[in-house]
Amino acid sequence: MEQNKPQTEQELTQQAAVRRQKLADLCEAGHNPFEITKYAQDAYSADLKNEFADLPAEAETGKIVSLAGRMMSKRIMGKASFAHLRDQKGDIQIFVKRDLLGDEAYAAFKKLDIGDIIGVKGEVFRTKMGEISVRISELTLLSKSLLPLPEKFHGLTDREARYRQRYVDLIMNPEVKDTFVKRSLILKEIRAYLDEKGFLEVDTPILTPFEIGASARPFYTHHNTLNMDMVLRIETELYLKRLIVGGMDRVYEVGRIFRNEGMDPKHNPEFTTIELYQAFTDFHGMMDLVEEMYKRLALKVCGSLEITYQGKQIDMGHWERLTMVEAVKKYSGVDFNDWKTDEDAIAAAKEYHVELPEVPTKGAILAEFFDAFVEDKLIQPTFIYDYPVEISPLAKRKPTDPAFTERFEYFIDCTEYGNAFSELNDPIDQKARFERQVAERKAIEPDCKAQVDYDYVNALEYGLPPTGGLGFGVDRLVMLLTDSASIRDVLLFPTMKPIDQ
């Protein structure tokens, strides 16, 4: 079936046609389930199993409960039947007896289909076989499932279908829900940590007035009333730092970001980041914050500082710290300090078969050496700091060596997880860097619409205090802490190409 197209009667399977007829019969008899607006649910499967964990076989509890959920199995056995109901917290067996439910209601139960959503009321007991169950005295059909659930909906062969139809994936593979419960817990813990540190959560614009000079490609849209093109944001940084100028000394945003770029197991066109900014600290303060926060998350979500990711043991309790120059020398043997000119760096790149950047300066070539020789060695948590100024347009220069900036990225399992700076607060330097960045973009792409954000420069001219800033991807962090191989496994609705294209 093509996604997002209505089914014709001919396309419906025989099972689906039978279900529609059952619905028609119910409606004709005055029992349209879709007219029901609520159900008084007062108990959940897992809670009942925990409460009566020590109940002996064939014992009664006298406890009457009302449950609601999806019927996942049904065994008709003459005058008595068993079914399994799946609710918010798991599955529980229900025992349906004609003598207790009544002839008409029991006959109606027998016509129910797997996947129907029902409400049931009855007494909790343990069966002879030892299973906590509910003996039903009332049963209500709350919603009719018009499509049969697939018999199999898991594994690699069904992965595309699972991403496209996450609603079916969640029904058929309950463990998938655990990943998203953990995702929610991770965000809750990050917010709790930052709130305890005195940070204020804020919201900044998603629609921005123009494309900035950064290398990330944006999505464009059009505002009809203002009759102007607008850009979906590729970062939250510049607005958040305006707030630091305004005297909000510690701010953060959980922000949806949009980049019109490639897709792979670690990249989706829309993704979630957290950016935070703290006045009167620097990038070393941000390093300490990252290390403390990630240790707390590992303990809270995984129960240990030793976690497993895709078969590798990761020690979240130990973080190495290396400058980019140190890391390149350690893993390639090449010493940046031996390069006196850009030509020396170009010669070294050719000798070591390292790709030359678009603008082949010493600093940019050092970054290419890092990509070629270092990143795939960084399995354990590692901070790489002191980045070349050429690739760090928003970071403050090192006072002792202005060719480098007070910037770090941190890596786990050969993947970059976050980026932090001592923020550039010199408006004159910032303006020059922005203008150079936009000029370089336009030299490579003459038709690009990138502009300098002069309003941000204007904000800096009012005075930005010394500030540490950090940005990190939530989706990659969730992948790490849930041992998920693909970003699509931690996004409820990842971007997918329509089937009919």
Side-chain angles (χ1 to χ4, degrees), residues 3-4 150 152-190 216-217 219 232 234-235 254-275 294 297-298 300-304 306-316 371 375-382 409-419 471-501:
Q3 192 179 30
N4 209 34
K152 295 181 180 179
F153 202 74
H154 61 272
L156 294 173
T157 55
D158 296 314
R159 195 166 291 278
E160 287 284 313
R162 288 174 54 192
Y163 296 146
R164 291 180 189 282
Q165 298 185 329
R166 183 68 84 186
Y167 41 92
V168 182
D169 189 25
L170 289 165
I171 295 169
M172 300 305 297
N173 301 306
E175 70 280 1
V176 169
K177 181 181 165 188
D178 296 340
T179 296
F180 295 99
V181 170
K182 283 186 176 179
R183 183 185 176 108
S184 181
L185 173 63
I186 290 164
L187 282 167
K188 179 182 177 183
E189 280 301 310
I190 293 170
R217 298 298 186 267
F219 287 94
L232 275 66
I234 60 168
E235 43 75 32
V254 181
R256 203 69 168 170
I257 301 298
F258 307 86
R259 294 186 179 178
N260 196 355
E261 298 177 337
M263 297 168 60
D264 61 37
K266 293 178 182 176
H267 295 88
N268 193 69
E270 55 176 306
F271 56 98
T272 303
T273 67
I274 293 178
E275 289 198 40
Y294 272 58
L297 288 169
K300 188 76 175 183
V301 177
C302 304
S304 172
E306 295 276 348
I307 68 171
T308 301
Y309 183 69
Q310 300 298 294
K312 297 173 186 170
Q313 291 299 116
I314 307 292
D315 181 4
M316 299 292 280
D371 291 346
E375 187 167 348
D376 64 356
K377 312 294 193 307
L378 304 180
I379 294 172
Q380 298 304 320
T382 306
E409 291 181 312
Y410 57 99
F411 297 80
I412 304 169
D413 189 36
C414 316
T415 299
E416 180 255 316
Y417 276 80
N419 189 19
F472 60 95
V474 171
D475 309 303
R476 286 189 185 179
L477 176 56
V478 175
M479 288 169 63
L480 179 70
L481 296 180
T482 60
D483 196 10
S484 299
S486 170
I487 194 171
R488 293 182 175 190
D489 294 326
V490 300
L491 297 173
L492 280 167
F493 301 102
T495 303
M496 303 289 288
K497 188 175 183 178
I499 292 173
D500 55 356
Q501 288 186 21

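These values consider heavy atoms only, across backbone and side chains, with no hydrogens, waters or symmetry-generated copies. Throughout, residue positions are numbered sequentially from 1 according to the sequence presented.
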Are the aromatic ring centres of Tyr417 and Tyr294 under 6.0 angstrom apart?
-> no
Rounding to 0.5 Å, atoms CE (Met172) and OH (Tyr167) come to a distance of 14.0 Å
Closest non-hydrogen atom pair, Phe472 against Leu477 = CE1-CD2, 4.1 Å
Answer yes when Asp475 and Lys266 have at least one side-chain N-carboxylate O distance shorter than 4.0 Å, and no when they do not.
-> no
Nearest heavy atoms of Met263 and Pro269, plus distance in Å | CG-CD, 3.7 Å
Thr308/Gln313 under side-chain contact (heavy atoms from CB on, under 4.5 Å): CA gap, chis, key distance, verdict = CA-CA 5 Å; Thr308 301; Gln313 291 299 116; 2.6 Å; yes
Backbone of Ile379 reached by a side-chain donor or acceptor of Asp413 within 3.5 Å | no
Taking the side chain as C-beta and beyond, is there a heavy-atom pair between Met316 and Leu480 under 4.5 Å?
-> yes
Quick one: does Tyr163's side chain have a donor or acceptor within less than 3.5 Å of a partner on Leu492's backbone?
-> no
Under a 4.5 Å cut-off applied to non-hydrogen side-chain atoms, are Arg488 and Arg162 in contact?
-> no
Kindly give the heavy-atom pair with the smallest separation between Thr382 and Gln380, and that separation in Å.
-> OG1-O, 2.8 Å
Okay, side chain of Arg476, backbone of Ile487: is any donor-acceptor separation there less than 3.5 Å?
-> no
Glu416 side, atom CD; Asp371 side, atom CG - distance, nearest 0.5 Å = 10.5 Å
For Met479, does its backbone N or O pair with a side-chain atom of Asp489 as donor and acceptor, under 3.5 Å?
-> no
Got a second to check how far Gln165's CD is from Phe493's CZ, nearest 0.5 Å?
-> 11.0 Å
Determine whether Asn260 and Leu232 make a side-chain contact, defined as any pair of heavy atoms from C-beta on separated by less than 4.5 Å.
-> no
Could you tell me whether Lys182 and Glu189 have a side-chain N and a carboxylate O separated by less than 4.0 Å?
-> no
Side-chain contact, heavy-atom cut-off 4.5 Å: Ile190 with Ile186?
-> yes
Yes or no on side-chain contact (heavy atoms from CB on, under 4.5 Å) for Arg183 and Leu491, after CA distance, side-chain angles and deciding distance?
-> CA-CA 9 Å; Arg183 183 185 176 108; Leu491 297 173; 4.0 Å; yes
Supply the atom-to-atom distance Thr179 OG1 to Asn173 CG, rounded to the nearest 0.5 angstrom.
-> 10.5 Å
Answer yes or no: is there a side-chain heavy-atom contact under 4.5 Å between Thr415 and Tyr309?
-> no
Step through the shown structure and confirm whether more than 12 heavy atoms of other residues, nucleotides or ligands are within 6.0 Å of NZ on Lys188.
-> no
For residues Lys377 and Cys414, report the shortest heavy-atom separation together with the two atoms involved.
-> N-SG, 4.4 Å
Value rounded to 0.5 Å, distance of CD1 in Ile314 from CG in Asp483 = 10.0 Å
Given side chains that start at C-beta, do those of Ile257 and Glu270 come closer than 4.5 Å, heavy atoms only?
-> no
Gly262 versus His267, closest heavy-atom pair with distance = O-CB, 3.8 Å
Atom of Cys302, atom of Leu481 and distance for their closest heavy-atom approach = SG-O, 3.5 Å
